[in-house]
Colleague: 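Questions regarding the structure given below will be posed in turn.
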There are 2 protein chains.
Amino acid sequence: MKGRVASPTPQNPLEARLLQALRDAGLRLTVQRRAICRYLASTKSHPTAQQIYNALKDEFPSLSLATVYNTLDTLVRLGAIHALGNTGDGAIHYDADIEPHVNLACLQCHRVVDLPCEAVAELDRKVAAESGYRILGARLVYYGLCPECQRAAQQTPSVSVAAHH
Amino acid sequence: MKGRVASPTPQNPLEARLLQALRDAGLRLTVQRRAICRYLASTKSHPTAQQIYNALKDEFPSLSLATVYNTLDTLVRLGAIHALGNTGDGAIHYDADIEPHVNLACLQCHRVVDLPCEAVAELDRKVAAESGYRILGARLVYYGLCPECQRAAQQTPSVSVAAHH
DNA sequence: CTCCGAAGTTGGAATTATTCTAAAGTAGAA
DNA sequence: TTCTACTTTAGAATAATTCCAACTTCGGAG
């Protein structure tokens, strides 16, 4: 009766989807893969491999960065997560939310945020209609300067836009 | 009368736009920058810094890869070109075509085509308006099955969508 | 026309994200 | 339990990008 300890079964539907994708592909559900999926499903911060590693290494001291890279690569190949590409900080960010939506990446502070936008749905329809493709996913990333970084840039006018930094 | 040798003035309107962007920012139009702008305007291949360097080093033996990176960085910051982010080969690709368009990637045959679409322009506007970001680049990729591969898939229903490539 | 300071270029070193590799560990079927 | 293929791991290797300090070039002031 008290055996009901921290249930190993996933609550988060996003996490469940990732684990199912691995199962469907006939891959093993190791502790490491479970932990990485759980972390991916738990955050909206679009983490890099290094950030995932940092977040999990206390709980799993033996975890290797290579395993994080391997697992992320596997999930991307399965189409279960998206790689958002370089946001200016030289590292690839990952997003477990594969529903069509816009990602905004700031080239200055390197933060990535989601932008709900109903124009996306319309773009989806038009792309499908005009191309004849069967659309299975999308990755819509905009790069730019967030409002805060724009203000910061204006305060150092001599630096101009073409800074060497 | 015969002094009218190979005119140094740009013919390509795309090239002219890039050079004008540099002028407007009060930056110098050096030979290197002209050459890089000319090359960017001449191709639809979404080149990387290395590819640009390779294409120009015969004509300008003293050209440095660092200069290519500097110039690309400058043009991106000016909003004159777009950085397409990582496309899976670990290098950043650049696109002098900043007209709104999406890339369509087929998960089966791996071809990538451009699709001009006025719905993109609207998305651009809404994203800029709703986010307050200064947009400097975008990578809009749709994944799916091209019409040909859809037909082929119907004949071999077992082929999975999640390709290992 | 000449000189000066700022802007730009250069090559090589430094940095760092990602991939590779070989050895050791583990899940799960028989 | 045993076997085998799949995984993980640590560290070395790779390669794109940035940094740096010296040198060159441009354009304006005198």
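All chains are named by letter (A, B, ...) in the order of the sequence lines, taking the proteins before the strands, and each is independently numbered beginning at 1. Computation of the quantities below employed the complete heavy-atom set of this structure, encompassing side-chain atoms and omitting hydrogens, waters and symmetry-equivalent molecules.
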Colleague: In chain order, what residues pass the side-chain contact (heavy atoms from CB on, under 4.5 Å) check against A:Ala128, with sequence neighbours excluded?
Modeller: A:Ile135

Colleague: Return the value, rounded to whole Å, for the distance between atom CZ of B:Arg34 and atom C1' of D:dC26.
Modeller: 13 Å

Colleague: Provide, to the nearest angstrom, the distance between the CG atom belonging to A:Leu27 and the C1' atom belonging to C:dA27.
Modeller: 13 Å

Colleague: Check the distance between C:dG8's C1' and B:Asp73's CG and give it to me in whole angstrom.
Modeller: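 Whole-Å distance recorded here is 14 Å.
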
Colleague: Under the side-chain contact (heavy atoms from CB on, under 4.5 Å) test against A:Pro47, which residue among A:Val112, A:Leu40, A:Asp95 passes?
Modeller: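 The single option meeting the side-chain contact (heavy atoms from CB on, under 4.5 Å) with A:Pro47 is A:Leu40.
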
Colleague: Would you please name every residue forming a side-chain hydrogen bond (donor to acceptor under 3.5 Å, both in side chains) with B:Arg33, sequence neighbours left out?
Modeller: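 Expected list: none.
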
Colleague: Output the rounded distance in Å from CD (B:Gln32) to P (D:dC26).
Modeller: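 Atom CD in B:Gln32 sits about 9 Å away from atom P in D:dC26.
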
Colleague: Expressed as a whole number of angstroms, how long is the span from B:Ile92:CD1 to C:dT18:C1'?
Modeller: 14 Å

Colleague: As a test of reading the structure: which of D:dT17, D:dT7, C:dG8 is closest to the side chain of B:Leu65, going by heavy atoms?
Modeller: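 Given the options D:dT17, D:dT7, C:dG8, the side chain of B:Leu65 is closest to D:dT17.
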
Colleague: Taking atom types as modelled, find out whether A:His93 and A:Asn103 have a side-chain donor-acceptor pair closer than 3.5 angstrom.
Modeller: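 Per modelled atom types, A:His93 and A:Asn103 side chains form no pair under 3.5 Å.
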
Colleague: Consider the side chain of B:Asn70, meaning its heavy atoms from C-beta on, and name the nucleotide among C:dT18, D:dT9, C:dT10 that approaches it most closely.
Modeller: C:dT10

Colleague: Counting only side-chain heavy atoms from C-beta out, which of C:dT10, C:dG8, D:dT9 sits nearest to B:Ser64?
Modeller: C:dT10

Colleague: I need the residues from residues 43-57 of chain B with at least one non-hydrogen atom less than 4.0 Å from DNA chain D; give them sorted by number, or say none.
Modeller: none

Colleague: Which residues satisfy the salt bridge (charged side-chain N to carboxylate O under 4.0 Å, His left out) test with A:Asp97, sequence neighbours excluded?
Modeller: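 Checked A:Asp97 against salt bridge (charged side-chain N to carboxylate O under 4.0 Å, His left out); zero matches.
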
Colleague: Within the structure shown, what part of the strands sits under 4.0 Å from A:Leu63 by heavy-atom distance: base, sugar-phosphate, or nothing?
Modeller: sugar-phosphate

Colleague: Collect all protein-nucleotide pairs involving nucleotides 22-25 of chain D in which both atoms are nitrogen or oxygen and the distance is under 3.5 Å.
Modeller:
none

Colleague: Residues in side-chain contact (heavy atoms from CB on, under 4.5 Å) with A:Val31, at least two apart?
Modeller: A:Phe60

Colleague: Suppose we screen for side-chain hydrogen bond (donor to acceptor under 3.5 Å, both in side chains). Which residues come up paired with B:Gln50, at least two apart in sequence or across chains?
Modeller: B:Asn54

Colleague: Between B:Tyr69 and D:dT17, does any side-chain N or O lie under 4.0 Å from OP1 or OP2?
Modeller: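 So the side-chain polar atoms of B:Tyr69 do come within 4.0 Å of the phosphate oxygens OP1 or OP2 of D:dT17, strictly under.
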
Colleague: Which part of the nucleic acid does A:Thr67 contact within heavy-atom distance under 4.0 Å: base, sugar-phosphate only, or nothing?
Modeller: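 The answer is base, as A:Thr67 lies within the cut-off (heavy atoms under 4.0 Å) of a base atom.
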
Colleague: What pairs with B:Ala119 under side-chain contact (heavy atoms from CB on, under 4.5 Å), at least two apart in sequence or on another chain?
Modeller: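 By the side-chain contact (heavy atoms from CB on, under 4.5 Å) rule, B:Ala119 matches A:Leu123, A:Lys126, B:Cys117.
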
Colleague: For the side chain of A:Ala66, starting at C-beta, report the closest nucleotide among D:dT9, C:dT10, D:dT17.
Modeller: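 Closest nucleotide to the A:Ala66 side chain: D:dT9.
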
Colleague: Looking only at side-chain N and O atoms, does A:Thr30 come under 4.0 Å of OP1 or OP2 in D:dT7?
Modeller: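 No, outside the criterion.
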
Colleague: With B:Asp24, which residues qualify under side-chain hydrogen bond (donor to acceptor under 3.5 Å, both in side chains), at least two apart?
Modeller: B:Gln20

Colleague: Rounded to the Å, how far apart are A:Leu72 CG and D:dT7 C1'?
Modeller: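 Distance, rounded to whole Å: 15 Å.
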
